Amino acid sequence: MAKSKFEYVRDFEADDTCLAHCWVVVRLDGRNFHRFAEKHNFTKPNDSRALHLMTKCAQTVMEELEDIVIAYGQSDEYSFVFKRKSNWFKRRARPCHGVELISCIFSFLAPPIVPFASFDGRVVVYPSNQTLKDYLSWRQADCHINNLYNTVFWALVQQSGLTPIQAQERLQGTLTADKNEILFSEFNINYNNEPPMYRKGTVLIWQKVDEVTTKEVRLPAEMEGRKMLVTRTRTKAVPLHCDVIGDAFWKEHPEILHEDS
């Protein structure tokens, strides 16, 4: 690019390079999603269509940006974790917001119902494996707290006929045990039996998956080929609905935190 006397203005740009050898986490949150959910009549307290669509979008993002080692999603948010040695976007925080391509993917995958989906993004770096694990634990704990509250809240509104304000007042100051008791005693709902996707959110990790496809094979002595089933192994972003707060998940998938994974 040709130089000019005006290039001095670049000196005013802030250095937003993410610290080296740290995990880079990009978290996306839906913008004005309460209004968006009302506009498209999302089921309360959870809309499985929207959650599966979010996961599909996140899988597509991971396939586009292969330096993502794990992702975690709940409600209208998804966190993407880039490996420590990743040099995507030259580790600049602002271009990392380019992962907001999930907005475009979201609308592309379901254009009839979501023509105006958009997301905000933020970038945070975590210096150690433990701080990264604590971050993901925080997001999953947040999922549990919010979903338990919403499950009780909407049960009071939809089944007991309370107004949203009355339901909010009823739940004010209640603890986890209180909410579980309301669900069980008044609505015969055991919260532990609710779908894991709602209670625990969705974890996306890379796993090898066998895919069976039909392929036409032509042998040397044959004029026409035969259609045969062929099994191929692919590495894909696979959704899990499991606990990431305890040690079991990390012991089962040590490759996630491995430096050379």
Side-chain angles (χ1 to χ4, degrees), residues 22-30 33 45-84 86 88 96 99-102 105-106 109 119 121-126 128-148 150-151 191-211 233-261:
C22 290
W23 299 103
V24 178
V25 176
V26 179
R27 185 166 85 241
L28 303 180
D29 294 282
F33 242 64
N46 293 289
D47 190 300
S48 61
R49 299 173 308 154
L51 292 173
H52 285 301
L53 181 56
M54 283 290 295
T55 295
K56 180 63 177 177
C57 293
Q59 288 174 301
T60 306
V61 170
M62 288 183 69
E63 290 172 3
E64 290 289 328
L65 305 174
E66 295 179 355
D67 269 11
I68 297 172
V69 294
I70 186 173
Y72 175 78
Q74 54 139 330
S75 186
D76 63 337
E77 76 167 52
Y78 247 97
S79 296
F80 299 92
V81 181
F82 287 76
K83 62 177 66 173
R84 283 175 172 272
S86 174
W88 278 101
C96 273
V99 182
E100 289 180 7
L101 62 89
I102 196 172
I105 296 170
F106 197 99
L109 290 176
F119 296 81
R122 71 189 69 186
V123 178
V124 185
V125 294
Y126 293 99
S128 68
N129 290 352
Q130 188 58 53
T131 52
L132 175 64
K133 289 162 67 176
D134 288 344
Y135 168 79
L136 294 171
S137 297
W138 169 50
R139 299 320 304 143
Q140 188 164 70
D142 185 74
C143 174
H144 163 70
I145 293 169
N146 289 338
N147 188 67
L148 176 59
N150 290 334
T151 301
Y191 183 73
N192 291 327
N193 293 335
E194 290 294 288
M197 179 173 63
Y198 301 159
R199 294 184 290 111
K200 299 180 181 296
T202 301
V203 183
L204 289 175
I205 63 172
W206 294 106
Q207 286 189 338
K208 291 183 177 179
V209 177
D210 289 336
E211 291 185 340
T233 301
R234 274 190 62 196
T235 302
K236 299 180 64 175
V238 177
L240 305 175
H241 309 296
C242 60
D243 181 80
V244 298
I245 297 176
D247 293 330
F249 173 82
W250 301 103
K251 289 180 180 179
E252 186 176 352
H253 305 285
E255 72 282 356
I256 296 173
L257 300 178
H258 197 279
E259 287 294 319
D260 298 321
S261 63

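This one's a predicted model, so the numbers in the text were calculated from it and none came from an experiment.
Atom NE2 of residue H52 and atom SG of residue C57 lie 13.0 Å apart, to the nearest 0.5 angstrom. To the nearest 0.5 Å, atoms CD (E255) and NE2 (H258) are separated by 10.0 Å. With rounding to the nearest 0.5 Å, the separation of CD in Q140 from NZ in K200 is 6.0 Å.
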- Please assess H253 against L240 for the test side-chain contact (heavy atoms from CB on, under 4.5 Å), listing each intermediate value before the final yes or no. CA-CA 12 Å; H253 305 285; L240 305 175; 4.2 Å; yes
- Message: Before you tell me yes or no, could you show the steps for F80 and L28 under side-chain contact (heavy atoms from CB on, under 4.5 Å), namely the whole-Å CA-CA distance, both residues' side-chain angles and the distance that decides it to 0.1 Å?
- Response: CA-CA 8 Å; F80 299 92; L28 303 180; 3.9 Å; yes
- Message: Working note: R27 + V124, criterion side-chain contact (heavy atoms from CB on, under 4.5 Å); need CA distance, chi angles, decisive distance, verdict.
- Response: CA-CA 8 Å; R27 185 166 85 241; V124 185; 5.6 Å; no
- For L132 and L257, run side-chain contact (heavy atoms from CB on, under 4.5 Å): C-alpha distance rounded to whole Å, both residues' side-chain angles, the deciding distance at 0.1 Å, then the answer. CA-CA 9 Å; L132 175 64; L257 300 178; 3.9 Å; yes
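Considering L204, V25, I205, V244 as possible partners of I70, the one that fulfils the side-chain contact (heavy atoms from CB on, under 4.5 Å) test is I205.
Among residues two or more places apart in sequence or in another chain, the side chain to side chain contact (heavy atoms under 4.5 Å, CB included) test is passed with K251 by D247. In this structure D47 satisfies the salt bridge (charged side-chain N to carboxylate O under 4.0 Å, His left out) test together with R49, sequence neighbours excluded. With sequence neighbours excluded, the residues forming a side chain to side chain donor-acceptor pair (under 3.5 Å) with H241 are T202, listed by chain and number. Applying the ring-ring contact (aromatic ring centres under 6.0 Å, His included) rule to W138 yields the partners Y135; only residues at least two apart in sequence or on another chain are considered. By the side chain to side chain donor-acceptor pair (under 3.5 Å) test, N147 pairs with N46, Y191, sequence neighbours left out. Remark: T131 engages S128 in a side chain to side chain donor-acceptor pair (under 3.5 Å) (not counting sequence neighbours). The side chain to side chain contact (heavy atoms under 4.5 Å, CB included) test applied to T235 returns W206, K208, not counting sequence neighbours. Take S75 and apply the side chain to side chain donor-acceptor pair (under 3.5 Å) test, not counting sequence neighbours, and it matches no residue. Judged as a salt bridge (charged side-chain N to carboxylate O under 4.0 Å, His left out), and not counting sequence neighbours, D134 has no contacts. A search for side chain to side chain contact (heavy atoms under 4.5 Å, CB included) contacts involving P45 returns N150, T151, W154, not counting sequence neighbours. Under the rule for a ring-ring contact (aromatic ring centres under 6.0 Å, His included), Y198 has no partner lying at least two apart in sequence or in another chain. With sequence neighbours excluded, the residues that form a salt bridge (charged side-chain N to carboxylate O under 4.0 Å, His left out) with R139 are E77, D142.
Shown here for L136 and Y72, the closest heavy-atom pair between the two residues is CD2-CB, 3.9 Å. For the residue pair C143 and G201, the shortest heavy atom distance occurs at SG-N, 3.6 Å. When all heavy atoms are compared, the tightest approach of E63 to E66 is O-CG, 3.8 Å.
In this structure, Q59 contributes its side chain and A237 its backbone to a donor-acceptor pair below 3.5 Å.
Checking W23 against N129 by side-chain atom types alone, a donor-acceptor pair falls below 3.5 Å.
I68 places a side-chain heavy atom less than 4.5 Å from the side chain of M62.
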